[in-house]
Amino acid sequence: MTALLEATDVRKSYGDTLALDGVSLRVDAGEFVSIIGPNGAGKTTLVNVLTGLTPPSSGRVRFKGTDVAGVGPARLARLGMARSFQLVTIFPALSVADTLAVAALSRLRRSTRPFAALSRDADVRAAVDEVAALFGLHDKLERAARTLPQGDKKLLDVASAFALRPDVILMDEPTSGVSTADKTTIMQTLVHAAQRMGVRAIVQVEHDMDIVFGYSDRIVALHQGRVLADATPDAIRADADVVRAVLGIATTQGRTQPGRA
Amino acid sequence: MRLTRRRFLKLTGVGAVAAALPLDVVPVLAQSGPVRLGILAARAGVLAPVGESGLRGVQFATDRINAAGGILGRRLELIVEEESSPKDTVERFRKLALSDKVDAVSGAISTGVGLALGPAAEEMKTIWLAWDATTQKGVEESMPKPKYSFRSTDNECEAVMASILTARHWKGKFKTVAGINPDYSYGRDNWAAFLAIMKKYGIEAQVVSELWPKLGATDFTSHVATLIQAKPDLIFSCFWAGDTPIFMKQAHAAGLTKSTKVVLTTGGGVHESLKKDFTPEGAILGYNCFYFENPKASALAKEFTRWHAEKFKEWPNYESDHGYFTVVAFKAAIERAAKAAGGKWPTQDAIIQALEGVEAESLSGPRRYREDHIMEAAFFQGVTTHRNRHDFVTIDPVESMSTKQIQKPSGVGLYDWINGWKV
Amino acid sequence: MIVRALGLIAGAALVLLPLAGVPYTTTLLLPAFGYAVALLGLNLLFGSTGLLSFGHALFIALGGYTAAALTGRFGVRSLELVLLAAALVAALVAVPIGLLCVRYVKIYFGMLTLAFGMLFYSFLYKFYALTGGDEGMRVLRPMLLGRPLEHLDTVAYLTGPFYYYALGVLVVAALVMRRLVGSPFGLSLRSIRENAAKAESLGIGVRRCRLAAFVVAAVFGAIGGVLLVVPTGLADPLLAYWTHSGNLVFMLLLGGFDHFLGPVLGALVFILLQDSVMSLTSYWRFVFGAILAVIVIFFPRGLMGLLDARRAAAS
Amino acid sequence: MSAVRWALALGWPTPLFLPVLLAAGLALAAVGPVIERLLRPIYDRDESFQLLLTFALVLMFEDVIRFVWGTAPHQLGNVYLAYGQVRVGALTVPTYNLIVIACSAGIAAGMGWFLARTRFGRIVRATAENREMAAAMGVDMTRVYARVFTLGVALGTVGGALVIPATAAVNEMGIELIVEAFAVVVIGGLGSMRGAFAGALVVGVVKAVAIATWPEVEMLAIYVIVIAVLVLRPAGLFARATA
């Protein structure tokens with residue numbers, strides 16, 4: 001069986017610094033994979049490479065069997081891979097409904113229709129309503145994104161990625177900048193939405209170990225651009241090296257920088 | 001709908017906007033009230049000094065006419081608008097014609113503007129007396145047989161005169177020539193005329209460089225360097241704006257003008273800026289149709305020069321004379337037509353007919369409009385000298401030629417005419 | 001509500017104006033119509049997509065010179081054909097230029113478009129034999145809907161049939177633009193303006209959309225350019241000069257770039273204001289510079305923004 | 001860029017020999033803080049608005065100049081020629097040109113030293129690199145901007161004062177020169193000192209070569225280079241890899 005998403009021996013260097021040093025990774029249908037590691041381990045670079053934003057210096061990235069290294073995020077999104085960003089990334093002046101509509105239109109391949117009346121597109125409206133309801137944004141549809149509270153902005157960011165109805169979704173710290181109390185709610189929402197929208201796999205970068213261990217099927221630990229471990233949560237917990245190299249640092253960070261956004 | 005105070009204010013606001021619209025409903029009674037003359041004068045850019053100068057001549061003429069009782073008892077009133085890009089100037093012309101309902105428009109210097117105004121004048125059925133703005137190429141195309149447009153002298157009159165003087169003074173004394181002329185029709189027309197006349201006089205001068213800086217350029221270091229390389233015996237230039245002194249200064253500083261003969265056909269347009277420090281003696285310098293220190297100047301010209309010097313602390317140049325003449329010619333034509341109509345105020349057609357062939361005293365002596373609507377005037381050029389009371393060069397002796405001699409006659413092509421000369 | 005009412009009054013005034021016997025004011029609005037069409041396009045680029053072009057006059061000039069070449073040199077007098085040809089030429093020119101320009105945003109986009117505008121200006125100015133240099137090219141009076149209208153003198157032609165023709169083109173252009181802005185494509189452009197990276201991650205082809213907006217803006221610019229040169233009868237290089245591009249942006253800001261009808265309002269107000277200020281003082285450039293500075297610093301949302309703000313305050 | 005234009009605008013009416021001229025140029029930089037205060041509200045907005053504001057100022061200054069000094073070209077006749085000429089081989093070079101070159105080199109070197117070695121220079125560079133970071137580290141942004149702007153105006157006015165004797169001050173100078181200044185800055189790369197210097201050289205040399213060989217393309221060539229630089233090296237010939 002071919003993997004849904006597979007990276008083979010990916011290297012990425014910026015000038016003299018090697019951000020990724022031969023990373024291989026495989027995500028199968030039905031999996032929830034978390035990528036962990038200390039700051040500078042290459043997590044965000046890896047997500048950027050996987051989502052086509054950054055072309056790798058060498059190595060291969062295959063998505064649903066086709067080589068997608070460096071094809072660009074727009075095409076990958078149309079192929080069925082969506083992402084959300086570490087920092088909240090929204091369209092400040094667009095309403096919630098419009099933001100979700102952008103994604104829905106993209107999925108329906110209608111983004112460039114120049115003369116169709118958007119306000120009369122029933123498919124798009126249905127899609128927007130569905131996603132908004134899943135993420136609890138249905139009563140804020142007409143509000144401009146920039147006027148939402150921080151937690152809702154984060155939800156909107158993630159929701160717009162879900163509105164693509166992707167096969168795989170990559171989330172760079174979906175709960176960063178959110179209070180501990182809200183984290184669980186967000187994760188519940190995500191998992192529920194993924195089931196409802198037919199998302200086949202989730203990959204996330206996450207610092208909060210409670211969430212990582214609570215939700216993942218598999219954990220990939222990165223350290224200095226290399227894969228230090230790739231195993232189930234239980235196996236990772238048992239591995240003293242990983243705990244020392246990654247978890248120790250990561251948990252401290254989780255405490256010292258609670259409000260990172 | 002409740003009419004709140006705010007909303008009421010808004011509605012009155014609309015009313016105010018409507019009132020501010022330029023409504024062109026001012027009724028003009030044809031036979032009474034002032035005679036209205038629209039003026040198009042350049043205000044900005046390289047043409048600004050020239051526009052200003054033309055306006056001064058118009059003002060001088062208007063003040064004199066009104067002091068002497070106006071035109072057949074009616075006061076002359078000026079409505080001044082700006083000459084700018086062709087598109088905008090046509091719109092201003094339209095305003096003068098349709099909204100201000102002027103009796104005629106005087107003005108315009110730029111060739112491009114002139115080419116646009118010609119057809120506009122015919123379309124608006126409004127008399128237009130140009131100060132300058134004529135060119136060989138475009139005129140025939142856009143103003144074949146104009147009824148309402150009255151043009152200035154031809155572009156290349158000064159090149160023709162300067163070429164004749166060049167041949168007279170320097171035939172056989174130069175073998176290579178270079179031209180540096182502003183990059184537009186005026187520059188090109190003049191350079192072509194110069195070369196044609198040199199040929200006609202049998203002067204086999206080799207062209208070693210042809211330079212076309214943009215009109216109004218402010219740096220000629222590269223041009224001067226190119227000219228030094230080319231080593232011409234004679235440099236021909238029809239610069240007329242601020243570029244003239246800059247070029248001369250930089251040429252002088254690089255030693256270019258020490259041994260090279262210089263012909264400045266139109267430098268008199270900015271004569272005060274041609275300081276002795278860098279403008280050599282012995283160059284040919286043209287003042288178009290008005291020379292402020294003409295020893296044979298009329299009392300009128302002397303009065304104007306005095307007025308101008310006192311009022312503006314500057315010695316006047318030719319554009320004032322163009323402006324002045326258009327106004328007095330317009331007055332003379334009205335009076336001439338009125339006489340023919342038995343003293344009644346003439347119709348526009350009668351004024352146009354009277355303008356054809358009308359003669360009036362300009363600041364540089366008598367001038368007239370030919371039957372083909374082209375001005376006939378005298379041109380002044382000469383050899384530069386430092387022996388004067390100013391810090392800039394003047395000419396001595398002052399030579400004068402009539403356009404009867406240096407302008408192609410009606411209906412003949414320029415080069416056919418030159419080739420037909422007997423020399 | 002108020003905006004709509006004002007719009008209706010203004011629209012009715014525009015339709016009735018030629019009947020009011022004020023020929024000058026009527027001809028004065030002709031360039032406003034031309035500019036309004038061009039600005040509708042420019043605003044798709046700036047208001048919707050967030051790209052501010054400082055060389056848009058290039059396309060106005062392109063439309064103008066196309067009209068001149070067709071009517072003057074090739075004897076094509078049908079205005080419909082001229083408009084079509086201008087749109088085509090503009091699209092053809094805009095594709096390669098756009099391909100280069102849309103790779104950049106913000107000031108780099110502005111500077112690149114400025115450079116292209118000046119390049120075209122230099123070309124028009126220097127390539128004498130082809131373009132007539134500073135003298136430009138004559139534009140002959142075109143036929144409207146196949147009717148030569150030769151019995152009319154120019155004022156009657158401009159204030160009658162051509163006025164309504166130009167107004168008609170403006171209305172059609174505005175309807176088309178409204179459709180575009182309200183379409184999925186329009187939403188894609190707005191999402192790009194707000195956050196290009198995010199739009200890209202949602203599957204929007206950012207460069208392709210920007211390019212499409214650039215080409216549409218160019219086509220509108222060229223059509224506006226045709227309408228602009230017919231009343232003047234001349235296409236000259238200054239149409240492409242950078243100050244003309246600056247004036248376009250000025251009008252856009254004056255009207256308000258974040259309202260659909262802002263460009264139309266901007267063009268009308270600019271033209272009327274210019275006419276009255278020019279008649280009042282020869283220092284009108286200073287007045288206009290000051291107005292622009294005040295708008296840029298204090299009222300970046302323009303007149304439409306002011307109307308909006310008052311409406312918000314009233315409600 | 002705008003500073004260059006103000007410079008030329010303001011560097012005009014001044015007296016008769018070089019040092020005085022330079023002093024006058026520096027004195028005119030006093031308008032810097034005033035204009036800077038006006039610009040302050042738009043720092044946070046897209047740079048395009050700054051471009052637009054420059055356009056507004058160009059419009060205003062053209063009329064101010066006409067109002068104050070009239071339309072005729074102004075020259076400072078004897079300053080340029082008073083220093084005589086130097087013969088270099090077969091060439092005659094005006095001494096004044098050499099003085100200008102020396103002054104420019106001096107100013108460039110001074111600027112380099114200022115940016116690299118002084119405390120304020122380092123603050124300026126840090127601010128250019130990352131405004132938020134610099135602000136977070138306690139740099140008073142308002143003062144930095146006011147001073148840098150004033151410095152820019154001073155450089156501009158001095159530059160204007162330096163070239164005016166060799167040419168003449170004409171009304172439309174701003175409109176024409178601002179585009180050339182723009183070309184220089186783009187070719188060199190925004191925010192690059194070495195780049196601005198190199199850009200000026202490139203524009204000058206290209207113009208000279210074009211005039212000597214194919215005058216038709218003089219204007220065109222500059223814009224072709226600007227476009228090529230923007231397309232191929234958007235950060236300019238010398239800038240760091242950030243754009």
Side-chain angles (χ1 to χ4, degrees), chain B residues 41-53 55 180 183 209-230 241-256 258 270 272-279 312-314 317 391-392, chain D residues 8 58-59 62-63 65-67 69-88 90-97 100 163-177 180 203-219:
Chain B
R43 301 281 202 181
V46 67
L47 291 173
V50 191
E52 175 101 35
S53 167
L55 194 55
I180 176 164
D183 185 16
S209 184
E210 285 186 32
L211 297 174
W212 305 103
K214 190 170 190 273
L215 173 64
T218 52
D219 175 38
F220 295 99
T221 1
S222 308
H223 301 89
V224 168
T226 305
L227 287 173
I228 287 175
Q229 285 272 303
D243 38 17
T244 327
I246 302 175
F247 170 67
M248 289 308 291
K249 192 196 284 183
Q250 298 185 344
H252 171 83
L256 176 63
K258 215 177 288 170
V270 285
E272 273 196 45
S273 64
L274 293 174
K275 307 294 182 198
K276 290 174 185 169
D277 296 331
F278 54 82
T279 314
F312 305 109
K313 312 283 172 255
E314 274 171 28
N317 67 38
D391 65 343
F392 53 90
Chain D
L8 290 158
V58 168
L59 286 175
E62 189 169 357
D63 268 353
I65 288 158
R66 182 158 64 92
F67 184 77
W69 291 291
T71 53
H74 281 247
Q75 20 176 6
L76 298 162
N78 53 3
V79 179
Y80 185 50
L81 302 167
Y83 294 87
Q85 288 127 331
V86 182
R87 291 196 63 86
V88 184
L91 285 176
T92 307
V93 181
T95 315
Y96 188 84
N97 289 9
V100 171
V163 296
I164 287 308
T167 145
V170 293
N171 210 305
E172 69 280 8
M173 220 166 193
I175 295 247
E176 297 285 333
L177 279 180
E180 260 182 43
V203 168
V205 170
V206 165
K207 270 182 83 169
V209 169
I211 286 165
T213 53
W214 191 13
E216 247 62 33
V217 302
E218 176 200 334
M219 272 172 13

Q: Quick one: which of D:Ala208, D:Ala210, D:Gly204 has the most heavy-atom pairs under 4.5 Å with chain B, could you say?
A: D:Ala208
**Q.** Residue B:Glu52 versus chain D: region with a heavy atom under 4.5 Å
**A.** side chain
Q | With sequence neighbours excluded, residues passing side chain to side chain donor-acceptor pair (under 3.5 Å) with B:Asp219 | A | B:Thr221
Q: Mind listing the closest non-hydrogen atom pair of D:Glu62 and B:Ala44 along with its distance?
A: OE2-CB, 3.4 Å
Q | Atom group of B:Ala254 that falls short of 4.5 Å from chain D, counting heavy atoms | A | both
Q) If you count heavy-atom pairs under 4.5 Å between each of B:Ser273, B:Ala225, B:Pro49 and chain D, which one has the most? A) B:Pro49
Q: Answer with side chain, backbone, both or neither: which region of B:Gln229 has an atom nearer than 4.5 Å to a non-hydrogen atom of chain D?
A: neither
Q. Who are the side chain to side chain donor-acceptor pair (under 3.5 Å) partners of B:Asp243, not counting sequence neighbours?
A. none
**Q.** Under 4.5 Å from a heavy atom of chain D, the part of B:Thr226 involved
**A.** side chain
Q) How about D:Phe67: does its CZ atom have over 12 heavy atoms from other parts shown lying under 6.0 Å from it? A) no
